[in-house]
Amino acid sequence: MQMEKTRLRIAVQKKGRLADETFALLKATGLTIKENKGGLFYRIKNLPIDLLLVRDDDIPGFVFDGVADLGIVGANVYEEYALNNNNQRRAQCIQELGFSHCNLCLALPNTEGYANLNDFNNKTIATSYPNILQTYFKKGGISASTLEMHGSVEVAPKLGIADAICDIVSSGATLEANGLQNVKTIFSSQALLLKTTKALSTEKKDTITKLLSRFEGVRQSKETKYIMMNAPRSALPALTKLLPGAEAPTVMHLEGQKDSIAIHAVCRESVFWETMESLKTAGASSILVLPIEKMLA
Ligand code: PRT
Ligand code: ZN
């Protein structure tokens, strides 16, 4: 198969829990996606990029083999694939994307007591992640069997086919609905950006550089806020100290008010109500906190 030399190919989940946020991130990055209903590819109109729409389980392998140059997938799927292949087929992880956070947890029926990890010795645990689980048990010196299941893992103890489960937990509602208790988080996951280790053309490398800088801009603009307030000039040193993660603020004079100033600053950390209250106590008034839509450092 002749791979396109200039258009970057990114493997993304076609449908599922990762898909919505993946598309939201790509759109926030300024990509204009031309959807092709039922097709394998979506073409990006304003950058030389094609999206390859697949099941998430195929993404680590496709990126490793160079079928896709980049891929977006959960760390749980990436790790399980790499361990299942004795770490011989590990694509490069180049960025944590900060969405699809979840945990891989060991859970027991509520009726069971739990003291420590040794309770899992000689037990059978149903999971879709046998390699992550066995690697974890090996480190802890635990000897247990795994029952590999794909889907509805949480029903295994009720069916009497496993003593416990090891599954992805997000809100905990699924465990609760099935009479299970979360006793141990063994792996924390979020969406990752993978890159192939195969050689890439200069055009593709340039597109990746541009994309990474835009991802970083999206990440920063999510966390960063623009804050504005009025204050007596004498309060400036105290207010500057209170501004979370701000560079030197812009100070402007207020027409007709000799001793008052307006302060504007970009805060690279969340601005909480507590911070605003402290600013007010230190003399600020008319405090406004605004979101930043785009940032390019
Ligand atoms: O069809 P395809 O193979 O592409 O998708 P899939 O069905 O294998 O995966 P999908 O779409 O369900 O999940 C994709 C990825 O989203 C996972 O690999 C995780 O990285 C991430 N993710 C985030 C989750 C969850 N949250 C999640 N809650 N994946 C699964 N769940 C399931 C979990 O398995 C359990 O059944 O949700 C249930 C638990 O949720 P709570 O909220 O009740 O605790
Ligand atoms: Zn899957």
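Read the numbers this way: they start at 1 and go in the same order the structure lists the ligands and their atoms. Positions are given from 1 along the sequence.
Set against the non-hydrogen atoms of Arg55, the atoms of ligand 1 under 4.0 Å away are 1 (O), 2 (P), 3 (O), 4 (O). The contact set between ligand 1 and Asp167, taken as ligand atoms under 4.0 Å from a residue heavy atom, comprises 34 (O), 35 (C), 36 (O). Listed by atom number, the atoms of ligand 1 under 4.0 Å from Gly16 heavy atoms are 11 (O). Heavy-atom contacts of Val77 reach the following atoms of ligand 1: 18 (O) (cutoff under 4.0 Å). Interface of Ser171 with ligand 1, defined as ligand atoms under 4.0 Å from a residue heavy atom, comprises 41 (P), 42 (O), 43 (O), 44 (O). Listed by number with element, the atoms of ligand 1 under 4.0 Å from a non-hydrogen atom of Gly74 are 20 (O). The atoms of ligand 1 that sit less than 4.0 Å from any heavy atom of Val169 are 44 (O). Annotation for ligand 1: atoms under 4.0 Å from non-hydrogen atoms of Ala173 are 43 (O), 44 (O).
Taking the six-membered ring where the residue is Trp, Phe120 and Tyr114 present tilted rings, their angle falling between 30° and 60°.
Taking only nitrogen or oxygen atoms, main chain and side chain alike, Ser170 reaches within less than 3.5 Å of ligand 1. Geometrically, ligand 1 and Tyr129 share no nitrogen or oxygen pair separated by less than 3.5 Å. In terms of N/O distances under 3.5 Å, ligand 1 is approached by Asp56. In terms of N/O distances under 3.5 Å, ligand 1 is not approached by Leu175.
No side-chain donor-acceptor contact under 3.5 Å links Asn230 and Ser260.
Side-chain atoms of Glu21 do not come within 3.5 Å of backbone N or O of Phe99 as any donor-acceptor pair. Of the possible polar contacts, one joining the Gln181 side chain to the Pro109 backbone as a donor-acceptor pair under 3.5 Å is found. Remark: side-chain polar atoms of Asn178 are not paired, donor with acceptor, to backbone N or O of Leu180 under 3.5 angstrom. No donor-acceptor pair under 3.5 Å is formed between the side chain of Ser213 and the backbone N or O of Thr209.
Geometrically, Lys210 does not engage Phe215 in a cation-pi contact defined by less than 6.0 Å to the ring centre and at most 45° from the axis.
The closest protein non-hydrogen atom to atom 5 (O) of ligand 1 is Gln13 NE2, 2.9 Å. When only non-hydrogen protein atoms are considered, atom 30 (C) of ligand 1 lies nearest to Arg17 NH1, 3.6 Å. From the protein, the heavy atom lying nearest to atom 18 (O) of ligand 1 is Asn76 ND2, 2.9 Å. In terms of protein heavy-atom proximity, atom 15 (C) of ligand 1 is closest to Leu18 CG, 3.8 Å.
Nearest heavy atoms, Leu193 versus Leu212: CD2-CD2, 3.5 Å. In terms of heavy-atom proximity, Asp69 sits nearest to Arg7 at OD2-O, 4.1 Å. Across Ile49 and Ile10, no two heavy atoms sit closer than the pair CG2-CD1, 3.7 Å.
Residue contacts with ligand 1 for Ile168 involve both N, CA, C or O and side-chain atoms from C-beta outward (heavy atoms, distance under 4.0 Å). Only side-chain heavy atoms of Cys102 come within less than 4.0 Å of ligand 1; its backbone N, CA, C and O stay farther off. Neither the backbone nor the side chain of Val73 comes within 4.0 Å of ligand 1, counting heavy atoms alone.
Considering the Zn ion (ligand 2) as centre, the angle to OD1 of Asp57 and to OD1 of Asp56 is 80° (10° rounding).
Atom CG of Leu159 is surrounded by more than 12 heavy atoms from other residues, nucleotides or ligands within 6.0 Å.
Residues Leu133 and Val169 do not share a hydrophobic cluster, defined by chaining ILVMFWY side chains whose heavy atoms lie under 4.5 Å apart.
Protein heavy atoms are absent from the space less than 4.0 angstrom from atom 7 (O) of ligand 1.
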May I have the list of side-chain donor-acceptor pairs in residues 81-89 shorter than 3.5 Å, sequence neighbours left out?
residue: Tyr81; atom: OH; partner: Arg89; partner atom: NE; Å: 2.7
residue: Tyr81; atom: OH; partner: Arg89; partner atom: NH2; Å: 2.8
residue: Asn84; atom: OD1; partner: Asn131; partner atom: ND2; Å: 3.3
residue: Asn85; atom: ND2; partner: Tyr81; partner atom: O; Å: 2.8
residue: Asn87; atom: OD1; partner: Arg90; partner atom: NE; Å: 3.0
residue: Asn87; atom: OD1; partner: Arg90; partner atom: NH2; Å: 2.7
residue: Gln88; atom: NE2; partner: Asn86; partner atom: O; Å: 3.2
residue: Arg89; atom: NH1; partner: Asp65; partner atom: OD1; Å: 3.1
residue: Arg89; atom: NH2; partner: Asp65; partner atom: OD1; Å: 3.2
residue: Arg89; atom: NH2; partner: Asp65; partner atom: OD2; Å: 2.9

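Counting only non-hydrogen atoms, the option in Thr174, Val153, Leu53, Asn178 that gets closest to atom 39 (C) of ligand 1 is Thr174.
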